[in-house]
Amino acid sequence: MSSTFSQNLRGSALMVAAMACYTFNDTLIKVMGGDMPLSQLLLIRGLMTAVFIGAIAWHSGAIKWRLPKQDWFLILLRSISELFAAYFFVYALRRMEIANVTAVLQILPLTVASGAALFFKEPLGWRRMLAILVGFLGMLLIVRPGTDTFGTETISALGSVLFITIRDLCAKKMSDQVPSQFVAWITAIVVSIGAALAMTVIEWQPVTATEFGLMAGMAVFIGGGYLFATMTMRVGDISFVAPFRYTGLLWAMLMGFLMFGDWPDALTLIGGAIVVGAGMFTLLREAKLARA
């Protein structure tokens, strides 16, 4: 077995593990239900995540305060975007089937590519433009505006896509001086601060041992997803590894069926397949152009 093939297999396995961790976190949120105030959930989970990632960043020597001003601006903008994305996503997740909200998020590679072309003047050929258009048409099959299935939760899921896109565009513009662990740690702190500010006007709810255990599991899975995703970018060819990010939709469908008895309807499955296909084409096209 060649070294390149072995690295590609390792990278794809890490990507699958990262998507599984994110999905398990989402599953725990749905298991917990919607009784706890959203801000309280994000505050407790954020603090646990900050401790978890902070310990890893400190151990690896990734905590670096002396960074260029532009990087600090991008770090803070990325963190604030993550804060809003978390609110919108968890709100939607509490009210939608886990596979449906995950299917909406599969449009992200297309929105990031569009944003990079719009704001960073990155070239966007007609093939990728066509793939983005097809992907958005697939998303319309998932969200179905104008029908009974299109409500505040669907709008919230689309809001999370917007802020995650801003988050990822900020990451693309950061210099190589910024350690990924440090960015994730600052993000967890900013999310915790934002949730704490929101809790000043919301009554604190007593936390049961079960709820505390579920939130501890969420923090571990989020941290694990981040670590696996970071490791993924360091091994294998991106063109080989990146498409495995779409296994997140498969994990979501599996967990939704096993844990809640949910299964997406035919239109959602068709729309999801279109979005995934368009996104895979975009990722592979970007990797080919990067090699060229």
Side-chain angles (χ1 to χ4, degrees), residues 1-28 49 52-53 55-57 59-62 98-99 102-113 116 127-128 131-132 134-135 138 164 167-168 171-172 174 176 178-184 217-259 264 269 272-292:
M1 182 181 295
S2 69
S3 175
T4 300
F5 184 69
S6 177
Q7 289 293 304
N8 284 340
L9 286 180
R10 184 185 174 198
S12 60
L14 289 170
M15 180 64 84
V16 172
M19 295 302 103
C21 283
Y22 290 136
T23 305
F24 295 159
N25 164 76
D26 299 344
T27 303
L28 292 181
T49 306
F52 179 63
I53 296 179
I56 295 173
H59 180 73
S60 61
I98 188 171
T102 303
V104 174
L105 294 187
Q106 303 312 303
I107 199 72
L108 277 168
L110 306 178
T111 59
V112 172
R127 294 180 181 84
R128 284 188 293 170
I132 289 171
V134 171
I164 294 173
R167 181 199 70 184
D168 289 353
K172 285 174 69 71
M174 288 180 193
D176 294 337
V178 184
S180 299
Q181 296 96 328
F182 181 69
V183 175
M218 295 175 202
V220 170
F221 283 128
I222 285 180
Y226 161 73
L227 292 175
F228 286 135
T230 302
M231 294 166 65
T232 296
M233 294 297 101
R234 300 178 184 274
V235 295
D237 298 325
I238 293 179
S239 60
F240 184 93
V241 173
F244 284 90
R245 71 184 304 128
Y246 290 111
T247 57
L249 182 56
L250 300 179
W251 282 114
M253 292 170 61
L254 177 64
M255 296 305 296
F257 180 74
L258 293 179
M259 298 296 296
L269 291 173
I274 292 173
V275 171
V276 168
M280 288 184 65
F281 175 84
T282 301
L283 290 172
L284 294 173
R285 184 67 182 171
E286 287 181 352
K288 181 178 180 180
L289 293 175
R291 288 196 302 269

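Note that the coordinates shown come from a computational prediction; the quantities given were computed from them, not determined experimentally. Along the sequence shown, residues carry numbers from 1.
The two residues Gln181 and Ile53 have their closest heavy-atom pair at O-CG2, 3.8 Å. Closest approach of Ala18 to Gly225, counting heavy atoms only: CB-O, 3.7 Å. Between Val275 and Gly135, the closest heavy-atom pair is CG2-O, 3.3 Å. The two atoms that bring Ala99 and Ala252 nearest to each other are CA-CB, 3.9 Å, heavy atoms only. When every heavy atom of Leu28 is checked against every heavy atom of Gly217, the shortest pair comes out as CD1-C, 3.6 Å. Nearest heavy-atom pair, Phe182 versus Ala62, reported as atom, atom and distance to 0.1 Å: CB-O, 3.2 Å.
For the atom pair Gln106 CD and Thr102 OG1, the distance stands at 7.0 Å (nearest 0.5 Å). Rounding to the nearest 0.5 Å places CD1 of Ile98 at 6.0 Å from OG1 of Thr23. Once rounded to the nearest 0.5 Å, the distance linking SG of Cys21 with CH2 of Trp251 reads 9.5 Å. The line from CG of Leu14 to CG of Leu9 is 11.0 Å long, rounded to the nearest 0.5 Å. In this structure, CD1 on Ile107 lies 12.5 Å from CD1 on Ile164, to the nearest 0.5 angstrom.
Contact annotation: the side chain of Val276 approaches that of Met280 to within less than 4.5 Å [non-hydrogen atoms, C-beta and beyond]. Inter-residue side-chain proximity for Met19 and Leu250 is flagged as unmet; no heavy-atom pair is nearer than 4.5 Å.
Checked against ring-ring contact (aromatic ring centres under 6.0 Å, His included), Phe52 has no partners two or more places apart in sequence or in another chain. Scanning for side-chain contact (heavy atoms from CB on, under 4.5 Å) contacts around Ala17 gives Phe228, with sequence neighbours left out. Arg245 pairs by the salt bridge (Lys or Arg N to Asp or Glu O under 4.0 Å) definition with nothing, not counting sequence neighbours. With sequence neighbours excluded, the residues that form a side-chain contact (heavy atoms from CB on, under 4.5 Å) with Asn25 are Ile29, Arg45, Met218, Phe221, Ile222. For Thr247, there are no side chain to side chain donor-acceptor pair (under 3.5 Å) partners, not counting sequence neighbours. Considering only residues two or more places apart in sequence or on other chains, Tyr246 meets the ring-ring contact (aromatic ring centres under 6.0 Å, His included) condition with none of them.
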